[in-house]
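Everything below concerns the one structure shown next.
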Amino acid sequence: MSSVRIFASPSSWIESGAVDQCHQVAALDGMLHVAGMPDLHPGKGAPIGAAMTSTVLYPFLVGSDIGCGIAVFPIGLKRPVPEKLAARFPDLDEPVGADSLGTVGRGNHFVELARVDAVLDAAHAARLGLSTGSLVLIVHSGSRGLGERILRRHTEVHGAGPAPDPVSYLQDHDHAVRWGALNRRTMAERVARALGAELGDALVDESHNLVTYADGVYLHRKGAARGDGRDVLIAGTRGTRSFLVAAHAGPEANHSVAHGAGRKMSRADALRRGKAKHTVDELRRTPVGSYVVCGDRQLLFEEAPTAYKRIEQVIGDLTAHELATPVVSTLPLVTYKTAAHPAARRR
DNA sequence: ATGTAC
(Lines give C-alpha, C1' and ligand atoms only; values in the text may rest on other atoms or scores of the structure.)
Protein backbone atom coordinates (compact mmCIF):
# COMPACT_ATOMS: atom_id res chain seq x y z
CA MET A 1 0.00 0.00 0.00
CA SER A 2 1.54 3.28 -1.10
CA SER A 3 1.31 6.64 0.64
CA VAL A 4 1.15 10.32 -0.36
CA ARG A 5 2.37 13.23 1.71
CA ILE A 6 2.34 16.88 0.66
CA PHE A 7 4.79 19.19 2.42
CA ALA A 8 2.87 22.44 2.37
CA SER A 9 1.12 24.45 5.08
CA PRO A 10 -2.67 24.86 4.85
CA SER A 11 -2.17 28.47 3.77
CA SER A 12 -0.03 27.40 0.79
CA TRP A 13 -2.24 27.02 -2.23
CA ILE A 14 -1.63 23.83 -4.21
CA GLU A 15 -3.58 23.20 -7.40
CA SER A 16 -5.92 20.25 -6.81
CA GLY A 17 -4.93 18.72 -10.17
CA ALA A 18 -1.38 18.34 -8.90
CA VAL A 19 -2.53 16.53 -5.74
CA ASP A 20 -4.73 14.30 -7.95
CA GLN A 21 -1.64 13.48 -10.02
CA CYS A 22 0.24 12.47 -6.85
CA HIS A 23 -2.53 9.99 -6.02
CA GLN A 24 -2.61 8.70 -9.61
CA VAL A 25 1.14 8.09 -9.44
CA ALA A 26 0.79 6.44 -6.03
CA ALA A 27 -1.67 3.97 -7.57
CA LEU A 28 0.83 2.72 -10.16
CA ASP A 29 2.20 -0.81 -9.81
CA GLY A 30 5.10 -1.03 -7.38
CA MET A 31 4.77 2.50 -5.93
CA LEU A 32 5.87 2.97 -2.33
CA HIS A 33 5.64 6.67 -1.40
CA VAL A 34 4.95 10.01 -3.10
CA ALA A 35 6.27 13.18 -1.44
CA GLY A 36 4.89 16.46 -2.80
CA MET A 37 7.05 19.55 -2.30
CA PRO A 38 5.59 23.01 -1.52
CA ASP A 39 6.18 24.03 -5.17
CA LEU A 40 4.00 21.14 -6.41
CA HIS A 41 2.08 21.87 -9.62
CA PRO A 42 0.54 19.80 -12.42
CA GLY A 43 2.80 18.40 -15.11
CA LYS A 44 2.27 16.35 -18.25
CA GLY A 45 1.00 13.07 -16.81
CA ALA A 46 3.03 13.35 -13.63
CA PRO A 47 3.28 16.09 -10.99
CA ILE A 48 6.15 18.58 -10.92
CA GLY A 49 7.67 19.14 -7.49
CA ALA A 50 7.48 15.52 -6.35
CA ALA A 51 9.80 12.73 -5.21
CA MET A 52 8.40 9.25 -5.86
CA THR A 53 9.71 5.85 -4.74
CA SER A 54 8.86 2.48 -6.27
CA THR A 55 10.16 -1.03 -6.79
CA VAL A 56 10.20 -0.49 -10.59
CA LEU A 57 11.66 2.33 -12.70
CA TYR A 58 9.20 4.63 -14.51
CA PRO A 59 11.07 6.85 -17.00
CA PHE A 60 8.04 9.13 -17.52
CA LEU A 61 8.17 10.14 -13.82
CA VAL A 62 11.53 11.82 -14.50
CA GLY A 63 10.31 13.28 -17.79
CA SER A 64 12.21 14.40 -20.85
CA ASP A 65 14.59 16.93 -19.34
CA ILE A 66 16.72 14.30 -17.58
CA GLY A 67 19.48 15.95 -15.53
CA CYS A 68 17.88 19.38 -15.47
CA GLY A 69 19.18 21.25 -12.44
CA ILE A 70 20.49 24.42 -10.90
CA ALA A 71 24.14 25.33 -10.38
CA VAL A 72 25.59 28.31 -8.49
CA PHE A 73 29.05 29.66 -9.31
CA PRO A 74 30.89 32.47 -7.53
CA ILE A 75 31.76 35.21 -10.01
CA GLY A 76 33.90 38.34 -9.59
CA LEU A 77 32.96 41.67 -11.19
CA LYS A 78 34.01 45.19 -10.35
CA ARG A 79 30.95 47.31 -11.05
CA PRO A 80 27.83 45.28 -11.85
CA VAL A 81 25.51 47.63 -13.75
CA PRO A 82 22.53 45.54 -14.96
CA GLU A 83 21.83 47.25 -18.34
CA LYS A 84 25.49 47.31 -19.33
CA LEU A 85 26.09 43.68 -18.35
CA ALA A 86 22.85 42.55 -20.02
CA ALA A 87 24.17 43.87 -23.35
CA ARG A 88 27.36 41.84 -22.95
CA PHE A 89 25.78 38.44 -22.32
CA PRO A 90 26.70 35.91 -25.05
CA ASP A 91 24.06 34.27 -27.27
CA LEU A 92 23.21 31.18 -25.20
CA ASP A 93 20.83 29.86 -27.85
CA GLU A 94 23.85 29.29 -30.10
CA PRO A 95 25.63 26.01 -29.25
CA VAL A 96 29.33 25.51 -28.65
CA GLY A 97 30.46 22.92 -31.20
CA ALA A 98 28.32 20.33 -32.94
CA ASP A 99 25.47 19.48 -30.53
CA SER A 100 23.47 21.77 -28.23
CA LEU A 101 26.13 22.04 -25.48
CA GLY A 102 26.33 25.43 -23.82
CA THR A 103 22.72 26.37 -24.62
CA VAL A 104 20.09 27.36 -22.08
CA GLY A 105 16.89 26.10 -23.73
CA ARG A 106 13.45 27.57 -23.07
CA GLY A 107 10.63 27.29 -20.57
CA ASN A 108 11.70 28.11 -17.02
CA HIS A 109 15.43 27.82 -17.81
CA PHE A 110 17.66 30.84 -17.25
CA VAL A 111 21.17 32.07 -16.51
CA GLU A 112 21.21 34.77 -13.85
CA LEU A 113 23.80 37.09 -12.43
CA ALA A 114 22.67 37.66 -8.85
CA ARG A 115 23.86 39.34 -5.68
CA VAL A 116 23.67 37.91 -2.15
CA ASP A 117 21.31 40.35 -0.39
CA ALA A 118 21.04 38.60 2.98
CA VAL A 119 23.03 36.06 4.97
CA LEU A 120 20.67 33.81 6.93
CA ASP A 121 23.17 31.25 8.29
CA ALA A 122 26.46 33.05 8.88
CA ALA A 123 28.64 30.00 9.57
CA HIS A 124 27.36 28.07 6.57
CA ALA A 125 27.59 31.10 4.26
CA ALA A 126 31.19 31.67 5.42
CA ARG A 127 32.06 28.05 4.56
CA LEU A 128 30.77 28.74 1.03
CA GLY A 129 32.71 31.99 0.87
CA LEU A 130 29.53 34.04 0.59
CA SER A 131 28.70 37.33 2.28
CA THR A 132 26.29 40.17 1.63
CA GLY A 133 27.17 41.68 -1.75
CA SER A 134 28.82 38.50 -3.13
CA LEU A 135 28.03 37.94 -6.81
CA VAL A 136 26.97 34.55 -8.11
CA LEU A 137 25.94 33.07 -11.44
CA ILE A 138 22.85 30.86 -11.17
CA VAL A 139 22.37 28.45 -14.09
CA HIS A 140 19.11 26.52 -14.50
CA SER A 141 19.20 24.21 -17.49
CA GLY A 142 19.22 20.56 -18.45
CA SER A 143 20.17 17.99 -21.05
CA ARG A 144 18.27 19.63 -23.96
CA GLY A 145 17.60 17.21 -26.82
CA LEU A 146 19.64 14.39 -25.30
CA GLY A 147 17.27 13.65 -22.41
CA GLU A 148 14.27 14.10 -24.67
CA ARG A 149 15.61 11.42 -27.06
CA ILE A 150 16.25 9.01 -24.16
CA LEU A 151 12.66 9.31 -22.90
CA ARG A 152 11.22 9.12 -26.42
CA ARG A 153 13.16 5.92 -27.18
CA HIS A 154 11.59 4.32 -24.09
CA THR A 155 8.10 5.77 -24.61
CA GLU A 156 7.85 4.69 -28.26
CA VAL A 157 8.00 1.06 -27.13
CA HIS A 158 6.74 1.03 -23.54
CA GLY A 159 4.63 4.19 -23.19
CA ALA A 160 4.21 5.17 -19.53
CA GLY A 161 5.10 1.64 -18.42
CA PRO A 162 8.18 0.73 -16.41
CA ALA A 163 11.61 0.18 -17.96
CA PRO A 164 12.01 -3.57 -18.63
CA ASP A 165 15.80 -3.08 -18.70
CA PRO A 166 16.47 -0.47 -16.00
CA VAL A 167 20.25 -0.89 -16.25
CA SER A 168 20.20 0.16 -19.90
CA TYR A 169 17.91 3.13 -19.17
CA LEU A 170 20.06 4.17 -16.21
CA GLN A 171 23.21 4.16 -18.36
CA ASP A 172 21.62 6.63 -20.79
CA HIS A 173 20.06 8.58 -17.89
CA ASP A 174 23.33 8.92 -15.99
CA HIS A 175 25.01 10.20 -19.14
CA ALA A 176 22.28 12.85 -19.53
CA VAL A 177 22.70 13.87 -15.86
CA ARG A 178 26.46 14.38 -16.38
CA TRP A 179 25.80 16.17 -19.67
CA GLY A 180 23.35 18.54 -17.93
CA ALA A 181 25.99 19.49 -15.34
CA LEU A 182 28.58 20.01 -18.10
CA ASN A 183 26.06 22.15 -20.00
CA ARG A 184 25.58 24.39 -16.94
CA ARG A 185 29.35 24.69 -16.40
CA THR A 186 29.87 25.47 -20.09
CA MET A 187 27.30 28.28 -19.98
CA ALA A 188 28.81 29.73 -16.82
CA GLU A 189 32.22 29.82 -18.54
CA ARG A 190 30.74 31.44 -21.66
CA VAL A 191 29.08 34.17 -19.60
CA ALA A 192 32.14 34.79 -17.40
CA ARG A 193 34.37 35.10 -20.48
CA ALA A 194 31.95 37.52 -22.17
CA LEU A 195 31.71 39.68 -19.03
CA GLY A 196 35.47 39.56 -18.40
CA ALA A 197 34.74 38.07 -14.98
CA GLU A 198 36.52 35.47 -12.90
CA LEU A 199 34.56 32.26 -12.29
CA GLY A 200 34.98 29.88 -9.37
CA ASP A 201 34.07 26.22 -8.95
CA ALA A 202 30.37 25.47 -8.48
CA LEU A 203 29.18 26.00 -4.89
CA VAL A 204 26.02 24.05 -5.66
CA ASP A 205 24.91 21.91 -8.59
CA GLU A 206 21.91 19.68 -8.03
CA SER A 207 19.70 18.05 -10.62
CA HIS A 208 15.97 18.04 -9.84
CA ASN A 209 14.92 15.66 -12.65
CA LEU A 210 16.57 12.30 -12.08
CA VAL A 211 16.17 8.80 -10.71
CA THR A 212 18.51 7.06 -8.27
CA TYR A 213 18.56 3.44 -7.14
CA ALA A 214 19.41 1.98 -3.73
CA ASP A 215 18.45 -1.25 -1.96
CA GLY A 216 15.79 -2.31 -4.44
CA VAL A 217 14.09 1.11 -4.49
CA TYR A 218 13.99 3.60 -7.37
CA LEU A 219 13.68 7.22 -6.20
CA HIS A 220 12.30 9.41 -8.99
CA ARG A 221 12.60 13.16 -8.64
CA LYS A 222 10.62 15.50 -10.90
CA GLY A 223 11.10 19.13 -9.97
CA ALA A 224 12.52 18.01 -6.62
CA ALA A 225 16.18 18.30 -5.64
CA ARG A 226 18.25 15.87 -3.60
CA GLY A 227 17.72 16.94 -0.03
CA ASP A 228 19.99 14.50 1.79
CA GLY A 229 22.57 16.76 3.41
CA ARG A 230 23.24 18.84 0.30
CA ASP A 231 23.13 22.54 -0.46
CA VAL A 232 20.46 23.46 -3.01
CA LEU A 233 19.57 26.68 -4.79
CA ILE A 234 15.79 27.08 -4.80
CA ALA A 235 14.93 29.50 -7.57
CA GLY A 236 12.47 32.32 -7.18
CA THR A 237 11.35 34.12 -10.33
CA ARG A 238 12.78 36.59 -12.85
CA GLY A 239 12.26 39.55 -10.56
CA THR A 240 12.26 38.10 -7.05
CA ARG A 241 14.70 36.48 -4.63
CA SER A 242 16.16 33.00 -4.76
CA PHE A 243 17.38 31.03 -1.72
CA LEU A 244 20.42 28.85 -1.21
CA VAL A 245 19.45 26.32 1.47
CA ALA A 246 21.08 23.52 3.42
CA ALA A 247 18.78 20.55 2.79
CA HIS A 248 18.24 17.85 5.41
CA ALA A 249 15.07 16.06 4.30
CA GLY A 250 14.25 12.65 5.72
CA PRO A 251 12.44 9.56 4.38
CA GLU A 252 8.91 11.05 4.70
CA ALA A 253 10.01 13.67 2.13
CA ASN A 254 11.84 11.00 0.12
CA HIS A 255 15.05 12.87 1.02
CA SER A 256 14.07 15.74 -1.26
CA VAL A 257 13.36 19.47 -1.31
CA ALA A 258 11.56 21.91 -3.65
CA HIS A 259 13.30 23.23 -6.76
CA GLY A 260 11.68 26.63 -7.15
CA ALA A 261 8.70 28.86 -6.52
CA GLY A 262 6.40 26.59 -8.55
CA ARG A 263 3.93 27.81 -11.16
CA LYS A 264 0.57 28.99 -9.90
CA MET A 265 -0.74 29.63 -13.43
CA SER A 266 -0.53 27.54 -16.56
CA ARG A 267 1.52 29.06 -19.38
CA ALA A 268 -1.70 29.80 -21.30
CA ASP A 269 -3.23 31.62 -18.29
CA ALA A 270 -0.01 33.51 -17.59
CA LEU A 271 0.11 34.70 -21.21
CA ARG A 272 -3.53 35.82 -21.28
CA ARG A 273 -3.56 37.47 -17.85
CA GLY A 274 -0.03 38.83 -18.18
CA LYS A 275 -0.84 40.68 -21.40
CA ALA A 276 -3.72 42.42 -19.59
CA LYS A 277 -1.62 43.23 -16.53
CA HIS A 278 1.98 43.95 -17.60
CA THR A 279 3.89 45.78 -20.29
CA VAL A 280 6.92 44.14 -21.90
CA ASP A 281 9.07 46.94 -20.48
CA GLU A 282 8.11 46.29 -16.86
CA LEU A 283 8.87 42.58 -17.27
CA ARG A 284 12.28 43.39 -18.77
CA ARG A 285 13.17 45.96 -16.13
CA THR A 286 11.93 44.47 -12.87
CA PRO A 287 10.85 46.18 -9.60
CA VAL A 288 14.09 45.00 -7.94
CA GLY A 289 16.12 46.83 -10.61
CA SER A 290 17.22 43.75 -12.50
CA TYR A 291 17.21 43.35 -16.26
CA VAL A 292 15.71 40.38 -18.13
CA VAL A 293 17.26 39.49 -21.50
CA CYS A 294 14.42 37.89 -23.48
CA GLY A 295 13.60 38.62 -27.11
CA ASP A 296 10.60 36.28 -26.95
CA ARG A 297 7.61 38.32 -25.76
CA GLN A 298 5.39 35.29 -25.21
CA LEU A 299 8.02 33.66 -22.99
CA LEU A 300 8.35 36.91 -21.03
CA PHE A 301 4.63 36.79 -20.14
CA GLU A 302 4.62 33.03 -19.48
CA GLU A 303 7.52 33.47 -17.07
CA ALA A 304 6.26 36.64 -15.37
CA PRO A 305 6.86 36.63 -11.60
CA THR A 306 3.07 36.81 -11.07
CA ALA A 307 2.72 33.38 -12.77
CA TYR A 308 4.62 31.84 -9.84
CA LYS A 309 3.97 31.34 -6.14
CA ARG A 310 5.84 33.46 -3.62
CA ILE A 311 9.26 31.91 -3.04
CA GLU A 312 9.20 33.02 0.62
CA GLN A 313 6.13 30.81 1.15
CA VAL A 314 7.89 27.80 -0.38
CA ILE A 315 11.00 28.38 1.75
CA GLY A 316 8.78 28.90 4.82
CA ASP A 317 7.08 25.55 4.21
CA LEU A 318 10.44 23.77 3.82
CA THR A 319 11.69 25.36 7.04
CA ALA A 320 8.47 24.61 8.97
CA HIS A 321 8.71 20.93 7.97
CA GLU A 322 12.42 20.91 8.83
CA LEU A 323 13.42 19.90 5.31
CA ALA A 324 15.89 22.75 4.83
CA THR A 325 17.60 25.72 6.49
CA PRO A 326 18.07 28.95 4.48
CA VAL A 327 21.74 29.98 4.08
CA VAL A 328 21.61 33.09 1.88
CA SER A 329 19.09 34.85 -0.33
CA THR A 330 19.99 36.41 -3.67
CA LEU A 331 18.47 39.17 -5.79
CA PRO A 332 18.77 39.13 -9.58
CA LEU A 333 20.87 41.72 -11.47
CA VAL A 334 20.62 40.26 -14.98
CA THR A 335 18.57 37.24 -16.02
CA TYR A 336 19.21 35.76 -19.45
CA LYS A 337 16.26 33.81 -20.90
CA THR A 338 16.86 33.90 -24.65
CA ALA A 339 18.56 36.21 -27.15
CA ALA A 340 17.49 39.85 -26.90
CA HIS A 341 16.82 40.23 -30.63
CA PRO A 342 15.36 37.03 -32.13
CA ALA A 343 14.88 38.69 -35.55
CA ALA A 344 18.65 39.05 -35.88
CA ARG A 345 19.22 35.34 -35.35
CA ARG A 346 19.98 33.09 -38.29
CA ARG A 347 17.79 30.05 -38.72
C1' DA B 1 10.92 21.22 -21.86
C1' DT B 2 11.59 19.54 -26.09
C1' DG B 3 12.08 18.97 -31.41
C1' DT B 4 9.04 19.13 -34.99
C1' DA B 5 4.96 19.70 -37.46
C1' DC B 6 1.58 22.99 -38.79
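Chain letters run A, B, ... following the sequence lines, proteins first and then strands; every chain starts at 1. Keep in mind the model is a prediction, meaning the values are calculated, not measured.
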Taking atom [atom2] of [N] as reference, at what distance in whole Å does atom [atom1] of [X] sit?
X: A:Arg184; N: B:dA1; atom1: CZ; atom2: P; answer: 14 Å
X: A:Phe60; N: B:dA1; atom1: CZ; atom2: P; answer: 17 Å
X: A:Asp93; N: B:dT2; atom1: CG; atom2: P; answer: 11 Å
X: A:Ile48; N: B:dT2; atom1: CD1; atom2: C1'; answer: 13 Å
X: A:Arg267; N: B:dT2; atom1: CZ; atom2: C1'; answer: 12 Å
X: A:Glu302; N: B:dA1; atom1: CD; atom2: C1'; answer: 11 Å
X: A:Phe110; N: B:dA1; atom1: CZ; atom2: C1'; answer: 15 Å

Partner set under side-chain hydrogen bond (donor to acceptor under 3.5 Å, both in side chains) for [X], not counting sequence neighbours:
X: A:Arg241; value: A:Asp117
X: A:Arg127; value: A:His124
X: A:Thr306; value: A:His278

What pair of heavy atoms forms the shortest contact from A:Ile315 to A:Pro326, and how long is it?
-> CG2-CG, 3.7 Å
A:Asn209 vs B:dA1: side-chain N/O to OP1/OP2 distance below 4.0 Å =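 Result: no.
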Check nucleotides 3-6 of chain B against the protein and report each pair of N or O atoms closer than 3.5 Å, with its distance, or say if there are none.
from  : atom 1 : to       : atom 2 : distance (Å)
B:dG3 : OP1    : A:Gly145 : N      : 3.4

What residues form a side chain to side chain contact (heavy atoms under 4.5 Å, CB included) with A:Thr155, not counting sequence neighbours?
-> A:Leu151
Who pairs with A:His109 by ring-ring contact (aromatic ring centres under 6.0 Å, His included), at least two apart in sequence or on another chain?
-> A:His140
